[in-house]
Asks: 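Please read through the structure below; I'll follow up with questions.
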2 protein chains.
Amino acid sequence: MNEHPLRKQIEEIVKLNDTEFDFVLEHFQKKSFKKHQIVLHEGDYAHFEFFVVKGLMRVSRLDFDGKEHILQFGMENWWITDAEAFHHKTKSTLIVDCLEDTETLSLTLENKEKLSSELPKMRDFFLKKTTNGYIALQKRILCFLSSNANDRYHNLITLYPGLIQRVPKAMIASYLGVTRETLSRLSKTEA
Amino acid sequence: MNEHPLRKQIEEIVKLNDTEFDFVLEHFQKKSFKKHQIVLHEGDYAHFEFFVVKGLMRVSRLDFDGKEHILQFGMENWWITDAEAFHHKTKSTLIVDCLEDTETLSLTLENKEKLSSELPKMRDFFLKKTTNGYIALQKRILCFLSSNANDRYHNLITLYPGLIQRVPKAMIASYLGVTRETLSRLSKTEA
DNA sequence: CCAAATCTTTGACAAATGTCCTGTTGGGCC
DNA sequence: GGCCCAACAGGACATTTGTCAAAGATTTGG
């Protein structure tokens, strides 16, 4: 079955008929980006939330010292944006860019709200996704509270095994909150 | 004006008339707990989400080594529960207890969903609150990624100045992901 | 008001992680 | 093919944080 990935994700939560899904899709714009392309610059307004159809994106912040900290990766079927800038209509403090050539479906806040009102089950969907995202972030925080670099690394591997193959270890380190040197040394510390 | 704290919070997002707010309130149960009382044990089902009217609660996890890690505090007007156990109807991996005598308004998942359906603006409210919670957790993660213990501590002080007066520093340390000894040594490291 | 319990601070040392540096590898590009 | 650059590993040392132990300080309850 050649179902659309967005439809598949929505239907894990609420059922849609063909007409409804077409209606949903009308609220999105297809946008494609190239590897290394910056999709949202720091200081810009975050006009879109991106559903990644194909490719790999990243949300990060640049330190005062120029160090970059990766808040989130976004592979296929993930939603990516600077959540605060997007929802509060403020200027972004984060950077969104592409680690691979990427195809997205892009949603403006206006269309997200419109869609939620016009098709109430989509608000159910967004609430459920946001709740699950909240729970995932809580788990990541618990990981910071209770685990050292090694455990956090292995937790990440089991959580997203595909990710490790696609991004340089220096970025994994940045996501884990350690230096690449520390990450590099982990492998041999263990048996 | 002697407005109900829950109503005040809801009306920051969606407007309610008196009848509607009474209707909202019918979905909650008043529950009071004493200091040190455990409201949700590890392994139990999380039947409620708590809106803290008065007092101070805490969500934490017990380590394999017996160390406790504090995921969240909940003062007045905060919502508290084991989010995963509550929303997924699974057994709790976290502990919810009270650091002070506490009065809450408690909401079951069934009533939350009922309320969301019967009064659609309440789903708007819950979505908005959850989104803001998500953004707050992202900020906390960025803090772990880019700040040392000292900066995290001072960030917490500016974020929740009232909290420091009400909870022992050992718990602040646990929330920040450091030992109390480390936290204790921070004050003098700086000017 | 006292005694017990809890909380905080401090010291000495160990472990984890960061910083700076060098060298090697391997793939992309002209 | 050869050059370049990004990625990775590793050494040497500094800094931060954890661990264990003990002593003060504060709060709590009778």
Side-chain angles (χ1 to χ4, degrees), chain A residues 34-38 56 58 60 62-70 73 97-101 141-157 163-191, chain B residues 34-38 55-56 58 60-70 73 97-101 141-157 163-191:
Chain A
K34 287 193 192 158
K35 183 170 177 171
H36 295 139
Q37 187 172 347
I38 297 182
L56 180 55
R58 171 177 73 153
S60 56
L62 264 152
D63 217 58
F64 328 90
D65 317 326
K67 275 178 286 187
E68 75 180 13
H69 304 282
I70 299 183
F73 293 106
D97 63 354
C98 300
L99 304 181
E100 300 175 0
D101 291 352
I141 287 174
L142 272 171
C143 207
F144 275 111
L145 291 179
S146 60
S147 301
N148 59 21
N150 190 42
D151 293 345
R152 293 209 299 280
Y153 178 55
H154 285 92
N155 181 54
L156 182 65
I157 290 177
L163 191 68
I164 318 293
Q165 326 303 328
R166 288 169 76 174
V167 314
K169 292 206 174 172
M171 291 190 192
I172 299 289
S174 169
Y175 179 89
L176 292 173
V178 296
T179 59
R180 42 191 165 173
E181 289 93 339
T182 297
L183 185 65
S184 174
R185 280 182 257 260
L186 291 185
S187 341
K188 52 176 183 204
T189 317
E190 38 167 350
Chain B
K34 287 192 194 158
K35 183 169 177 172
H36 295 139
Q37 187 172 348
I38 297 183
L56 180 55
R58 172 178 72 154
S60 57
R61 180 156 76 187
L62 263 153
D63 217 57
F64 329 89
D65 316 327
K67 276 179 285 188
E68 75 178 15
H69 304 282
I70 299 182
F73 293 105
D97 63 355
C98 299
L99 303 180
E100 301 174 1
D101 291 352
I141 287 174
L142 273 171
C143 207
F144 276 111
L145 291 178
S146 60
S147 301
N148 59 18
N150 190 41
D151 293 344
R152 292 209 299 280
Y153 179 53
H154 286 92
N155 181 55
L156 182 65
I157 290 177
L163 191 68
I164 317 292
Q165 327 303 326
R166 288 169 76 175
V167 314
K169 292 204 174 171
M171 291 189 191
I172 299 290
S174 169
Y175 179 90
L176 292 173
V178 295
T179 60
R180 55 209 142 119
E181 291 93 336
T182 297
L183 184 64
S184 174
R185 279 183 256 259
L186 291 184
S187 342
K188 54 178 185 205
T189 316
E190 39 168 349

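All figures in this text were calculated on a predicted structure; none of them were measured in a lab.
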Asks: Can you measure A:Arg166 atom CZ to D:dA7 atom P for me and round it to whole angstrom units?
Replies: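 In whole Å, D:dA7 P and A:Arg166 CZ are 16 Å from each other.
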
Asks: Given 3.5 Å as the limit, does a donor-acceptor pair link the side chain of A:Thr182 with the main chain of A:Val178, or not?
Replies: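 No; judged by distance alone, with no hydrogens or angles, the pair does not exist.
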
Asks: To the nearest 10°, let me know how far the axis at one end of the helix from C:dC1-D:dG30 to C:dC30-D:dG1 is tilted from the axis at the other, five pairs an end.
Replies: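 Taking five pairs per end, the axes differ by 50°.
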
Asks: Without swapping roles, check the side chain of B:Ser60 against the backbone of B:His69 for a donor-acceptor pair under 3.5 Å.
Replies: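 No; judged by distance alone, with no hydrogens or angles, the pair does not exist.
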
Asks: Mark yes or no for whether A:Arg152, through its side chain, and A:Ser147, through its backbone, hold a donor-acceptor pair below 3.5 Å.
Replies: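 At least one qualifying donor-acceptor pair exists.
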
Asks: Just by modelled atom types, is the B:Pro168 backbone N or O under 3.5 Å from a matching donor or acceptor in the B:Arg180 side chain?
Replies: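 Checked: no pair found.
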
Asks: Under 3.5 Å, is there a donor-acceptor pair between the side chain of B:Asn148 and the main chain of B:Asn150?
Replies: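 It does hold such a pair.
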
Asks: B:Lys35 has a side chain; which of D:dT28, C:dC20, D:dG18 sits nearest to it?
Replies: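 Out of D:dT28, C:dC20, D:dG18, the nucleotide with an atom closest to B:Lys35's side chain is D:dT28.
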
Asks: Nearest to the side chain of B:Lys67, which nucleotide is it out of C:dT17, D:dT19, D:dA12?
Replies: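 Nucleotide nearest to B:Lys67's side chain: D:dT19.
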
Asks: To the side chain of A:Ala149, which of C:dG11, C:dT8, C:dT17 is closest?
Replies: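 Between C:dG11, C:dT8, C:dT17, the one nearest the side chain of A:Ala149 would be C:dT17.
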
Asks: Hey, what do you get for CD1 (B:Ile172) to CD1 (B:Ile70), rounding to the nearest 0.5 Å?
Replies: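 Those atoms lie 7.5 Å apart.
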
Asks: Go through the N and O atoms of the side chain of B:Arg185 and the base of D:dT19, and report whether any donor-acceptor pair is under 3.5 Å.
Replies: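 Pair found.
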
Asks: With the threshold set at under 4.0 Å for non-hydrogen atoms, list the residues of residues 171-180 of chain B touching DNA chain D in residue-number order.
Replies: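 Within residues 171-180 of chain B, the residues near DNA chain D are B:Gly177, B:Val178, B:Thr179.
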
Asks: How far apart are the C-alpha atoms of B:Glu100 and B:Arg58, what are their side-chain angles, what is the distance that settles it, and do they pass the salt bridge (Lys or Arg N to Asp or Glu O under 4.0 Å) test?
Replies: CA-CA 10 Å; B:Glu100 301 174 1; B:Arg58 172 178 72 154; over 6 Å; no

Asks: How does each nucleotide of nucleotides 22-30 of chain C score, in 5' to 3' order, for protein heavy atoms under 4.0 Å: base (B), sugar-phosphate only (S), or none (-)?
Replies: ---------

Asks: Given B:Leu99, which partner from the list B:His36, B:Met171, B:Lys35 fulfils the side-chain contact (heavy atoms from CB on, under 4.5 Å) test?
Replies: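 With B:Leu99 as partner, B:His36, B:Met171, B:Lys35 yield a single side-chain contact (heavy atoms from CB on, under 4.5 Å), made by B:Met171.
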
Asks: Does A:Ser184 have a side-chain nitrogen or oxygen under 4.0 Å from the phosphate oxygens OP1 or OP2 of D:dC8?
Replies: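 Answer no for this pair, as no side-chain N or O of A:Ser184 is under 4.0 Å from OP1 or OP2.
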
Asks: Map A:Glu181 and A:Asn148 onto DNA chain C by nearest heavy atom, then report which one ends up closer to the 5' terminus.
Replies: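 Taking each residue's closest nucleotide, the earlier one in sequence belongs to A:Asn148.
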
Asks: Tell me which nucleotide among D:dA9, C:dT17, C:dT9 gets nearest to the side chain of A:Thr182.
Replies: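 Nearest listed nucleotide: C:dT17.
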
Asks: Please figure out whether B:Ser147 or A:Val167 has its closest DNA chain D nucleotide nearer the 5' end.
Replies: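 Looking at the nearest nucleotide for each, A:Val167 comes out on the 5' side.
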
Asks: Which nucleotide, D:dC8, C:dT8, D:dT19, lies nearest any side-chain atom of A:Pro168?
Replies: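 Nearest to the side-chain atoms of A:Pro168, counting from C-beta on, is D:dC8.
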
